[in-house]
Amino acid sequence: MSTFLLVHGAWHSGECWERVVPLLASAGHRVLTPSLTGYGDKVPLLSPEVGLDTHVDDIVRLIVEEDLTEVVLVGHSYAGLVISSAANQVPDRIAHLVYLDAMVPEDGESAADVQPAAQALIDQAAQSDSGWRVPPLPELPPPFGLFGVTDRADVAWLRTMLSDQPVRCLQQPVHLDNPAVNTIPRTHIHCAVKPEGIPRRSVPAIQPNGGPAQVWELPTGHDCMITMPVELANLLLKLG
């Protein structure tokens, strides 16, 4: 039995994994889907002081307090930064890193370094009344929809879990200075349907642990845990 720790991306909450959890759990695995500080049941904690470091602490604290080992740590979108820094702190507890349509940083990089489009969001926040809130991205015409979700019922459900993102999440750098983190196997899962203007970094043929890159693709939009939960779960089960 493995422990899957599924970390949601920017603006979302842990609720977004609702359709994937029973599929992994029915195979005998433990599944945790926390909401990061400022999201879901932790929305009251949203403040300008919340940043990437806060979210990394959320995940590291959960891993240590629950004494989790052999963790398959999955980060969606922005959470690619979160799982990277978290694994840097507790590499001995992580069995596999999964970058799910995610930002894949190098040491010292922020979200704006990995995804240049994030700089526009930082600039907009600076010019807003709050000075720090980044609202969710707008819904686009099909096939892109709201974070890749186009079914009207699903869009309505997704909207219930969205909240603003503190700008510090996009500004603080990732820390990958522990050599042990490079020994952890990685898998990259890409969502094929994505709008123009949001480039994806190429995955190096050789990964940090010296092994060949493992890249899988789902023919859907960004929030694949909502649009293709069965297919996503089947891929994750290959790692568990």
Side-chain angles (χ1 to χ4, degrees), residues 6-12 16 36 51-53 55-56 59 72-89 91 94 96-124 134 136-137 140 143-144 147-148 165 167-225 227-228 231-232 235-236 238-239:
L6 312 179
V7 186
H8 65 82
W11 302 294
H12 291 56
C16 69
L36 301 172
L52 173 61
D53 292 347
H55 294 156
V56 172
I59 298 305
V72 178
L73 185 56
V74 182
H76 178 240
S77 194
Y78 153 78
L81 309 180
V82 178
I83 67 169
S84 297
S85 273
N88 188 69
Q89 293 190 35
I94 310 301
H96 208 105
L97 289 170
V98 182
Y99 292 88
L100 178 58
D101 217 35
M103 298 182 183
V104 185
E106 300 290 342
D107 183 35
E109 289 189 321
S110 69
D113 295 316
V114 180
Q115 179 50 262
Q119 186 59 51
L121 302 178
I122 294 171
D123 295 341
Q124 289 171 16
V134 180
L137 298 179
L140 300 174
F144 308 116
F147 296 102
Q165 171 97 336
V167 72
R168 290 187 73 184
C169 298
L170 307 179
Q171 296 171 314
Q172 290 185 321
V174 166
H175 300 290
L176 287 170
D177 53 2
N178 185 344
V181 76
N182 291 327
T183 67
I184 303 172
R186 297 182 176 193
T187 292
H188 303 261
I189 303 176
H190 293 164
C191 296
V193 181
K194 67 183 187 70
E196 294 182 4
I198 303 183
R200 177 185 290 132
R201 279 184 171 176
S202 305
V203 176
I206 302 300
Q207 292 294 279
N209 69 344
Q214 181 161 261
V215 182
W216 298 331
E217 186 174 270
L218 289 171
T220 189
H222 188 54
D223 279 5
C224 57
M225 72 289 289
T227 59
M228 297 189 77
E231 294 83 352
L232 173 58
L235 292 180
L236 295 177
K238 293 181 180 182
L239 305 175

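In this chain, residues are counted from 1 in sequence order. Just the heavy atoms: all of them, side chains too, but no hydrogens, waters or symmetry mates, feed the values below. Since this is a predicted model, take the numbers as computed values, not measurements.
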Practice problem: List the steps, then state whether side-chain contact (heavy atoms from CB on, under 4.5 Å) holds for Met225 with Val74. | Solution: CA-CA 12 Å; Met225 72 289 289; Val74 182; over 6 Å; no

Practice problem: For Ser84 and Val181, work out which heavy atoms get closest and say how close. | Solution: O-CG2, 4.4 Å

Quiz item: Which atom pair, heavy atoms only, marks the closest approach of Pro204 to Ser202?
Solution: CD-O, 3.4 Å

Exercise. Give a yes or no answer on whether the side chain of Asn182 reaches the backbone of Pro208 with a donor-acceptor pair at less than 3.5 Å.
Key: no

Practice problem: Go through the structure and list residues passing side chain to side chain donor-acceptor pair (under 3.5 Å) with Asp123, not counting sequence neighbours. | Solution: Gln119

Quiz item: Once you round to the nearest 0.5 Å, how far does CH2 of Trp11 lie from SG of Cys169?
Solution: 10.0 Å

Quiz item: Looking at side-chain heavy atoms only, is the closest gap between Pro219 and Glu231 below 4.5 Å?
Solution: no

Quiz item: What heavy-atom pair brings Gly197 and Ala117 nearest, and what distance separates the two atoms?
Solution: O-CB, 4.1 Å

Quiz item: Does Asp223 reach the main-chain N or O of Gly148 with its side chain, forming a donor-acceptor pair under 3.5 Å?
Solution: no

Exercise. Check ring pair (Phe, Tyr, Trp, His ring centres under 6.0 Å) between Tyr78 and all other residues, then give those that pass, not counting sequence neighbours.
Key: His55

Exercise. State whether the side chain of Trp216 and the backbone N or O of Leu232 hold a donor-acceptor pair below 3.5 Å, judged by distance alone.
Key: no

Quiz item: Hey, does the side chain of Asn88 reach the backbone of Asp177 with a donor-acceptor pair shorter than 3.5 angstrom?
Solution: yes

Quiz prompt | side-chain contact (heavy atoms from CB on, under 4.5 Å) between Leu100 and Leu6, worked out | solution = CA-CA 10 Å; Leu100 178 58; Leu6 312 179; over 6 Å; no

Practice problem: Dump the intermediate steps for side-chain contact (heavy atoms from CB on, under 4.5 Å) on Leu36 and Ile59, then the final yes or no. | Solution: CA-CA 8 Å; Leu36 301 172; Ile59 298 305; 3.9 Å; yes

Quiz item: Looking only at heavy atoms, what is the nearest atom pair of Thr183 and Ala180, with distance?
Solution: OG1-O, 2.7 Å

Quiz item: Could you state the interatomic distance from OG1 (Thr187) to CD (Gln214), rounded to the nearest 0.5 Å?
Solution: 3.5 Å

For residues 188-196, run the donor-acceptor check on the side chains, cut-off 3.5 Å, and write out each pair with its distance to 0.1 Å, sequence neighbours left out.
unit_1	atom_1	unit_2	atom_2	d
His188	NE2	Gln207	OE1	2.8
Lys194	NZ	Ile198	O	2.9

Exercise. Only counting residues at least two apart or in another chain, list the ones meeting side chain to side chain donor-acceptor pair (under 3.5 Å) with Ser110.
Key: Asp113

Quiz item: For Ile184 and Asn209, what are the C-alpha separation, side-chain angles and deciding distance, and is it a side-chain contact (heavy atoms from CB on, under 4.5 Å)?
Solution: CA-CA 6 Å; Ile184 303 172; Asn209 69 344; over 6 Å; no

Quiz item: Which residue pairs satisfy the salt bridge (charged side-chain N to carboxylate O under 4.0 Å, His left out) criterion with at least one member in residues 197-207, sequence neighbours excluded?
Solution: Asp101-Arg200, Glu109-Arg201

Quiz item: So, the side chain of Ser85 versus the backbone of His175: is there a donor-acceptor pair under 3.5 Å, distance only?
Solution: yes

Practice problem: Indicate yes or no: at least one non-hydrogen side-chain atom of Val104 is less than 4.5 angstrom from one of Val114. | Solution: no

Practice problem: Output the distance between atom CD1 (Ile83) and atom CG (Leu73), rounded to the nearest 0.5 Å. | Solution: 5.0 Å

Quiz item: Who are the side chain to side chain donor-acceptor pair (under 3.5 Å) partners of Ser77, not counting sequence neighbours?
Solution: His222

Practice problem: State, to 0.1 Å, how close Pro91 and Asn178 come at their nearest heavy-atom pair, and which atoms those are. | Solution: CG-ND2, 3.5 Å

Quiz item: At their closest point, which heavy atom of Ala213 faces which heavy atom of Val203, and how far apart are they?
Solution: CB-CG1, 3.8 Å

Self-check item: Point-to-point distance, once rounded to the nearest 0.5 Å, from CG of Leu121 to CG of Leu137
Solution: 6.0 Å

Quiz item: If you measure from CE on Met228 to CG on Leu218, what distance do you get to the nearest 0.5 Å?
Solution: 5.5 Å

